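These figures come from a predicted structure and were not determined experimentally. Order of listing sets the numbers, starting from 1, for every ligand and every atom in it.
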Amino acid sequence: MDRRQVLAGLSGLALGQMPFASFAQTELRIGQRQVTSISDGHLVLPGAMFFDHLPRAELNRILSDHGVSFEELRPPCNLTLMQEPDRVVLFDAGSGAGFMPSAGSMLASLETQGLAPEDITHVIITHAHPDHLWGILDDFDDLVFPNAEVMIGEQEWAYWTDPATVDTIGEARASFAVGAARRLDAIRDQVSLFNGGDEILPGVMAHGTPGHTPGHMSFEIRDGSDVVMVGGDAIGNHHVAFARPEWPSGTDQDQDLGAKTRVRLLDQLATERLPLMGFHLPGGGLGRVERLGDAYRFVEWGA
Ligand SMILES: [Zn+2]
C-alpha cells in the first residue's frame with residue numbers, strides 16, 4: 001500500500017463513520033465551465049465569536065427567524081470547484097485534518113466527483129484563514145495538490161508571511177498566523193500572486209473584498225451573461241450578515257472595513273442580480289441576494 005492508498009482508505013473510513021460528510025452538491029454552468037459546490041464539512045463555533053456587543057433583542061429576533069442558536073453555530077464549508085476542458089480549479093483548499101473534527105472532508109468530496117488531488121490544476125485562495133488554507137498540506141506536511149498552481153492575493157500573501165503578524169494579530173488568532181505562515185512557506189514554489197481587478201484566469205476576475213482579512217478576495221466567474229461571484233467570507237452567514245450587514249462581525253479582523261465591504265458587495269449582488277457562492281452559506285452556498293426593505297435576504301438556488 002502506498003501512502004495515497006492509505007489516505008484513500010482513511011477517507012473511505014471517514015465516509016462511513018462521520019455523519020458530517022454530506023455531498024449534496026449545487027451546480028451551475030458558466031459557458032463551457034461547470035461550477036460545483038463541494039463540501040468540506042462544517043465548523044462548530046461559539047456564537048459569542050460572531051455576536052459579542054450586538055444589540056441583543058434585535059439579534060435574537062434575527063437568529064430565531066433563521067432557527068439559529070446564539071450559543072453555537074454550525075456553519076457549512078463550501079468549496080467551489082470549476083471544471084473546464086483544460087483546467088480543474090478549486091477555490092480554497094479546506095481545513096485539512098488538523099483544524100476541527102467536523103471539517104476536512106474535501107478530499108472525500110472530490111472523490112465523489114471522480115477527481116483525485118493530482119487532477120487539480122489551480123487552487124485559488126480567497127484568504128488564509130485555517131478553514132480555507134490549511135487543507136493545502138496533508139498529515140505528512142506534503143503538498144495535497146502536487147500539480148496545482150496556487151494563486152493568492154499579493155496583500156494577503158504579504159500579511160501572513162510577515163514575521164510580525166503573529167505578534168500584531170492578537171492572542172485569539174496567533175495560531176492562525178503560525179499555521180498560515182508555515183503553509184504558505186511550504187507552497188512557496190507553487191504560488192503566483194495577483195491583485196484586485198486582475199483577470200487571473202480566462203473569465204475569472206479578482207475583486208478586492210478586504211476586512212475579514214487584510215487581503216481577502218472574491219472572484220467573478222463570467223462567460224457572457226452567465227456569471228457567479230465566489231464570495232469567500234466577505235458575507236459570512238445567511239442571517240445577521242444579510243439582515244444587518246452594517247453590524248460589525250466578530251469574525252472579521254477589521255470589523256469596520258469588513259462591514260463596509262459587506263454593504264457594498266450585497267448592494268452590487270442585488271443590483272446586478274449576480275448569483276453568489278458563499279463559503280459558509282446554506283444549501284451548498286449558492287443562491288441569490290434579494291433586497292428586503294433596507295436589508296437583504298439569501299435565497300438558496302432553486303428555491
Ligand atoms: Zn471561513
Side-chain angles (χ1 to χ4, degrees), residues 20 22 26 37-51 68 72-81 90-106 109 123-137 150-153 155-157 159-160 169-170 172-180 183-184 207-219 229-242 245 248-255 257-259 261-262 265-266 276-287 298:
F20 70 81
S22 137
T26 315
S37 160
I38 69 166
S39 175
D40 192 44
H42 67 267
L43 304 180
V44 179
L45 300 169
M49 206 175 134
F50 294 76
F51 305 136
V68 172
E72 186 180 89
L73 275 73
R74 295 177 168 252
C77 298
N78 309 297
L79 277 62
T80 301
L81 175 70
L90 199 54
F91 292 81
D92 287 331
S95 293
F99 181 53
M100 218 174 256
S102 59
S105 57
M106 173 267 298
S109 295
V123 180
I124 301 176
I125 302 290
T126 61
H127 67 294
H129 276 167
D131 50 324
H132 301 256
L133 175 70
W134 286 16
I136 205 89
L137 296 186
V150 181
M151 310 175 90
I152 185 168
Q155 195 182 355
E156 191 72 357
W157 173 269
Y159 176 74
W160 295 102
I169 195 170
R173 291 190 174 94
S175 66
F176 289 13
V178 173
R183 286 167 179 85
L184 294 179
H207 292 280
T209 44
H212 184 70
T213 62
H216 187 284
M217 287 282 175
S218 300
F219 303 96
M229 184 75 83
V230 178
D233 285 4
I235 302 166
N237 61 68
H238 64 295
H239 34 83
V240 174
F242 282 79
S249 168
T251 61
D252 290 344
Q253 291 187 209
D254 181 333
Q255 298 185 9
L257 185 57
T261 290
R262 192 158 48 248
L265 187 58
L266 284 166
L276 169 66
M277 186 79 97
F279 194 89
H280 296 298
L281 300 184
L286 181 63
F298 181 64

Exercise. Can you tell me if His132 has an N, O or S atom under 2.8 Å away from the Zn ion (ligand 1)?
Worked result: yes
Exercise. Is His280 close enough to the Zn ion (ligand 1) to have an N, O or S atom under 2.8 Å?
Worked result: yes
Exercise. Any side-chain heavy-atom pair from Met229 and His207 closer than 4.5 angstrom?
Worked result: yes
Exercise. Does any donor atom in the side chain of Ser249 or Gln255 lie under 3.5 Å from an acceptor atom in the other side chain?
Worked result: no
Exercise. After noting the C-alpha distance and the side-chain angles of Ser218 and Thr209, does the key distance pass the side-chain hydrogen bond (donor to acceptor under 3.5 Å, both in side chains) rule?
Worked result: CA-CA 6 Å; Ser218 300; Thr209 44; 2.9 Å; yes
Problem set entry | Ring center gap for His132 and His280 short of 6.0 angstrom | yes
Problem set entry | Proximal heteroatom of Asp131 relative to the Zn ion (ligand 1) (N/O/S) | OD2
Exercise. When you measure from the Zn ion (ligand 1) to each N, O or S atom of Asp233, which atom gives the shortest distance?
Worked result: OD2
